[in-house]
Amino acid sequence: MTRDLTYAEALREAMREEMEKDKGVFLVGEDVGQGYRGCFAVSTGLYEEFGPYQIIDTPISENTILGCGIGASLVGMKPIVEMMFADFVAVAFDGILNQAAKVRMMSANQYKLNLVIRLPGGSKNGTGPQHSQSLESIFMSIPGIKIACPVTPYDAKGLLKEAINHEDPVIFFEHKKLYSLKGPVPEEEYKIPFGVARIAREGKDLTIIAISYMVNVALEAAEILKEKHNLEIEVIDPRTIVPFDLETVGKSLKKTNKAIIIEEGIKRDGVGAEISSLIMENFFDYLDFPVKRIASKNSIIPMSPRLEKAVIPNKESVVKEIEDLLIL
Amino acid sequence: MTRDLTYAEALREAMREEMEKDKGVFLVGEDVGQGYRGCFAVSTGLYEEFGPYQIIDTPISENTILGCGIGASLVGMKPIVEMMFADFVAVAFDGILNQAAKVRMMSANQYKLNLVIRLPGGSKNGTGPQHSQSLESIFMSIPGIKIACPVTPYDAKGLLKEAINHEDPVIFFEHKKLYSLKGPVPEEEYKIPFGVARIAREGKDLTIIAISYMVNVALEAAEILKEKHNLEIEVIDPRTIVPFDLETVGKSLKKTNKAIIIEEGIKRDGVGAEISSLIMENFFDYLDFPVKRIASKNSIIPMSPRLEKAVIPNKESVVKEIEDLLIL
Amino acid sequence: MKIEESKKLQFLEKMIFIRQFEYKIIDFARTGKIYGSVHLCVGEEACAVGTGFAFKKEDYILPTHRGHGQAIARGTDPKKLLAEISAKETGLCKGRVGSMHFFDKENNIVGCQGILGAQFPIAVGVGLAINLRKEDSIAACYFGDGTSNQGLFYEGMNFASIWDLPILFICLNNLYGMGTHYKKTCKIDIYEKAKLFGIKTDTADGNDVEEVYEKTLKLSEYIRKNKKPGLIELYTYRWLGHSALDSRPYRPKEEVEEWIKKDPIKRYEEKLLKEGIPVEEIDAVKASVEKQIEETAKFAEESPFPEFTKDMEI
Amino acid sequence: MKIEESKKLQFLEKMIFIRQFEYKIIDFARTGKIYGSVHLCVGEEACAVGTGFAFKKEDYILPTHRGHGQAIARGTDPKKLLAEISAKETGLCKGRVGSMHFFDKENNIVGCQGILGAQFPIAVGVGLAINLRKEDSIAACYFGDGTSNQGLFYEGMNFASIWDLPILFICLNNLYGMGTHYKKTCKIDIYEKAKLFGIKTDTADGNDVEEVYEKTLKLSEYIRKNKKPGLIELYTYRWLGHSALDSRPYRPKEEVEEWIKKDPIKRYEEKLLKEGIPVEEIDAVKASVEKQIEETAKFAEESPFPEFTKDMEI
Ligand SMILES: Cc1ncc(C[n+]2csc(CCOP(=O)(O)OP(=O)(O)O)c2C)c(N)n1
Ligand SMILES: Cc1ncc(C[n+]2csc(CCOP(=O)(O)OP(=O)(O)O)c2C)c(N)n1
Ligand SMILES: [Mg+2]
Ligand SMILES: [Mg+2]
């Protein structure tokens, strides 16, 4: 049976199901339980259901919140750490770069770190430079971690359940603009394996690989370009950027011979830089022209909506860039 | 007049000259002054010369050490912050990502941040996973900062003097293997502007863009390949990776039509990903084959020398990769 | 300490102004004229005004994420501030950053903090610079009760203590950090933490503007003279939600009502009346505020939105 | 507390073993058999042994960057440890990480710290897990005096205090962090910091193995029983440089000599003799250590170096 759930509800359901199954699963973070009940209401109701042993409110101390996850996971639990905003993970960055990511490799597999770090990222409602960033690319060059960035409620639930049981740390990017969006989610148990992309829209003329919320922007742009120019655009949502499903991308490229990557993070050494390099290294001869990267400007994410629109890719800007590229 | 100085001496001379000129220049960090006198002896002697107003020892508190730099720079000084090892910058990461890098853009140019953050990075003598990393790429996707990675004593001095007077934060990567290497440094005043690459070796058959210590590895490899196969390899040292001198690279490519990037950081979304993407976007039609990235394996930097050799590119591995690539 | 009548009226005026300013933001928000996260300080006006008036022109200020009042009391032009919060070109930072991260160099406001705790290391750097350059200024570092749980707070106090930095730590203890009561997050009074570091401390009724002013002034002068840090903890309460239009009911209704009874403005107005200040003067203050607020709002509303400029990319 | 003779001899043996182990490392280092940063604990053996013997099998241990003694006293196989430090396949972590970052799951050593201060949040997580699962174990979190200046130390104590976590914070105060004397970095005694958080504290002569043992045991039992944190500060001194072959002269010669006079091993040996333990037994201990050390060294030397394996890439 399938119902429509919001992305936030889907995440909540994933946590609920895993917490029911395994008392070792717990959520820890600022205001996730009593009181504010989750800054974006993702965990609302879970405290009432699971109580203070599985839903744990903390002082404002991101470093130690992350440490709660690392330490508990070291001794065999399955913690979910929530940073209230993805941007705050910078405060606890050492815990990821030098601790969590390295535990398994340093200990020569004596210890594995079953740890999810949930990061509500991206821009919404002009929360500004310190509350809107898309930091995926900063984590991409850290060995030892996986990075998920689900777009649909279906994927949000399936990937989170997979992450909760995954034996390496998972940086789990949620996009604030997605929380309230609805989509079908089956009641039956399922998980989504890492490294398997989703074809969000099929097409034969051009391949777009889009990250996080930009999948939706790409879909809108594709629709417009279909209507305006009868272009058939294929939109690929990698779902996890580490590991990255290069195979699915390759298949698409062999059909379209054209690739664009869209992300909300900034372009310089962004997620697109890695994907672009991978594509060129592996499918050079299939490409009609170099892979194009569409990304945010090399700036802060400004609070002003007009400035924000100038900085972050949106459907109009994407349409225009594609039109320019294909000289339509 | 030109003398031979070590890289460490050249850095020290840059600091000394700027400190003499301007009392607003100061060095702050753990054990930079009295006592240990700089973990890698870069600042040795400066305390005796400049005293506690310009050479400032701190408690072990990386966050607040960086804060000393940010705060003092906000009110018009020119601080140089030393992290004892580049890896420790993770502890103070928020100060860079969310504070220093954003000050100018957030304040709409009311405040500029004249701040140098010195990071001794890279692997030497098996200091292991938490003391050997090459973290350039993590900073590359942060808007608002510049990134220097000098290789020669000449560049070390010239770039540091430029950095000390630069109006945006500069992440200044020093490589531990370089400190003791000697090279000519003029006594006369000079600075090296950011964004101007250096041709470390001229050639016509292949372009290598190498980062930090890998420039030396590339030069060694080039020499071997010259002897073995009469290959003329051009080696480019970008000196600063932000800003990046794409023009010099382009000129070289128009001659060689082949590009390889070598870095000590890991490959996934490394510095090479950005450079590779840039090259392909701008010089696609000149390339005989896709840009090749040579970088460290997606692993920890192990302590064991043998493992370390397997992880980090070295002259033998670089020679082999080039031979394979060119089917020599 | 004897406070002149004219200053008293200024206190009252600024408090009323700040409150009206915050309510104007709610108006703006309801009609979609405000962008981004906005944290209001209704109920905490005496803290802002009592501290703000205690500083000198050359002092440096680091306000919190709830910083409108702190800035206005300091001297920030409210027109530019409201324009900033309304994302306008004429804003303090050209509409780029809004309520939570504004800078105001004219008034030595070296930046508000959206990242809780990040103000402490920066304040240390400012304090260090003051000492290195032998300036006479002090650095005023505001923070909330919740924020005092960041490790950076302790590091900041430690550096201030060992280096004798002229930093005034100002804690606005409004009992909660978002939905969480301070008592759930730490067993120690905040001023006690500072005492441990040998930092001179004081506490004050944060709803009594004169007490806040006098104690802040005294502590500031101590800091200025002795080049040593100080900390003052102000007990107060925010009447409204954590952010502008938020109204989650995590606080007992009675508690909120109890604190509304301690309204710092009403209380001060009554005090001034009792002291013999004519009601006409107080009414004049109110009328003046009303006019200023309208002008402020008009300025913000009529200002243009900014365009993206090249200098926004570094 | 009455300590049995056999245990006393064990104390002595372990202390001598640790010291010889460290000197063996210097030998190794001089002949190029050691890689990476190595921090030795000569002079601090009583701290390692006195604490290590106070734990139960099920306790979790977080040693410092100077952790050989702490691990050996805990039960880590010194052969595997020396092999690790010599970058050998047979090392605790297959030679991957060396002296500063080893893990030993068999002995619940959840990792040493090369990043000073990173042990505190992790200890909190371990303590939290113990409570959530209602285990009887405790988490022993070692750290140095210099490390106590990281903000994370305070955060860790705060969480331990508000959540009643069974964490034993063990401070090895050897007066210096690299070249810097503690007094230059903080005005507060470390145990005083813990007291502020309502954490039960104790201090001990870190060169008196029995005192360390008894006080650690007592505090551990308090923690285990009451599920509350504790902190013990041990005063000691490192005889050698900050790292293995380093000999920078930042400490007054007299100070070093003064502390060498307080040699925890010599002192304990004399005490045992005075208590009537026959010199032959002590000699036997020494002979046994010598033999073990030779075997340990042989094992490390004869072990092969590791090869890179696919599981090193994630
Ligand atoms: C590092 C960081 N963590 C969390 C937040 C989210 N946040 C914003 S305000 C707030 C509560 C702050 O409480 P307090 O310091 O008492 O200030 P108050 O809001 O009560 O004025 C929180 C948790 C943040 N902005 N930065
Ligand atoms: C975050 C971090 N900062 C700095 C260092 C470099 N470092 C290694 S040991 C040390 C001194 C530590 O002093 P203390 O905590 O007293 O321990 P001790 O060495 O005296 O045993 C320093 C500064 C580090 N490893 N990690
Ligand atoms: Mg508060
Ligand atoms: Mg020490």
Side-chain angles (χ1 to χ4, degrees), chain A residues 29-39 41 43-44 47 52 56-65 67 83-85 87-92 94 123-133 176 266-268 296-312 317, chain C residues 32 34-38 65 84-89 91 93-102 112-118 144-153 176-182 184-186 241-243 246 248-251 304-314:
Chain A
E30 291 161 11
D31 265 313
V32 295
Q34 291 180 296
Y36 219 77
R37 291 159 201 208
C39 186
S43 53
T44 309
Y47 180 85
I56 303 176
D57 282 327
T58 67
I60 299 169
S61 315
E62 282 76 11
N63 260 304
T64 304
I65 295 168
M83 295 282 135
M84 194 180 276
F85 284 74
D87 315 64
F88 308 162
V89 76
V91 176
D94 183 70
S123 142
K124 190 189 178 194
N125 294 344
T127 45
Q130 296 176 332
H131 288 68
S132 306
Q133 293 166 91
K176 296 194 279 292
I266 74 147
K267 185 188 288 181
R268 191 172 62 215
S296 283
K297 287 211 170 69
N298 199 27
S299 178
I300 51 170
I301 305 297
M303 179 272 301
S304 144
R306 189 177 301 204
L307 296 180
E308 200 189 64
K309 203 171 166 194
V311 168
I312 301 177
S317 71
Chain C
I34 289 291
Y35 307 91
S37 298
V38 178
H65 61 288
E84 181 61 36
I85 302 169
S86 320
K88 295 298 179 75
E89 171 73 28
C93 301
K94 302 193 175 166
R96 294 182 185 180
V97 297
S99 162
M100 213 172 9
H101 331 75
F102 61 86
C112 302
Q113 263 315 328
I115 303 292
L116 304 173
D145 50 296
T147 302
S148 77
N149 287 315
Q150 293 282 25
L152 296 181
F153 176 44
Y176 289 83
M178 286 184 76
T180 305
H181 197 285
Y182 181 69
K184 281 185 62 179
T185 67
C186 186
H242 169 68
S243 55
D246 155 60
R248 301 195 201 189
Y250 43 79
R251 301 181 303 186
F305 286 105
E307 297 297 333
F308 187 86
T309 47
K310 250 338 234 178
D311 66 309
M312 288 191 66
E313 279 190 272
I314 309 183

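Proteins get letters first, then strands, A, B, ... in listed order; numbering begins at 1 in each.
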Item to check | Whether A:Asn63 side chain and C:Gly151 backbone form a donor-acceptor pair below 3.5 Å | outcome: no
Checklist entry - Which answer fits A:Asn125, side chain, backbone, both or neither, if we ask what part of it has an atom under 4.5 Å from a heavy atom of chain C? => result backbone
Checklist entry - Do the ring centers of C:His181 and C:Tyr250 come within less than 6.0 Å of each other? => result no
Checklist outcome for this item: Assert top hit (heavy-atom pairs under 4.5 Å, partner chain A, pool C:His101, C:Glu84, C:Lys94) equals C:His101
Checklist entry - Which bit of C:Leu116 comes within less than 4.5 Å of chain A, counting heavy atoms only: side chain, backbone, both or neither? => result side chain
Checklist entry - Do you know which of A:Arg268, A:Lys124, A:Gln130 has the most heavy-atom pairs with chain C at a distance under 4.5 angstrom? => result A:Gln130
Checklist entry - Tell me, side chain or backbone of A:Glu62 under 4.5 Å from chain C's heavy atoms, or both, or neither? => result both
Checklist entry - If you tally heavy-atom pairs under 4.5 Å against chain A, which of C:Gly146, C:Gly177, C:Pro306 wins? => result C:Pro306
Checklist entry - For chain A, which of C:Val38, C:Thr147, C:Thr185, C:Leu152 has the most heavy-atom pairs under 4.5 Å? => result C:Thr185
Checklist outcome for this item: Whatever's closer than 4.5 Å to a heavy atom in chain A on C:Lys184 counts as side chain
Item to check | Short N-O contact, C:Asp246 and C:Arg251, less than 4.0 angstrom | outcome: no
Next on the checklist: Please check this pair: side chain of C:Gln113 against backbone of C:Ile115, looking for a donor-acceptor N/O pair closer than 3.5 Å.
Outcome noted: yes
Checklist outcome for this item: From the list A:Ala90, A:Pro129, A:Gly128, the residue making the most non-hydrogen contacts under 4.5 Å with chain C is A:Pro129
Item to check | Structural part of C:Met100 lying under 4.5 Å from a heavy atom of chain A | outcome: side chain
Next on the checklist: Using modelled atom types and a 3.5 Å cut-off, is there a donor and acceptor pairing between side-chain atoms of C:Asn149 and backbone atoms of A:Ser61?
Outcome noted: no
Item to check | Backbone N/O of A:Val32 and side chain of A:Ser43: donor-acceptor pair under 3.5 Å | outcome: yes
Checklist entry - Are C:Tyr182 and C:Tyr176 close enough that their ring centers fall under 6.0 Å? => result no
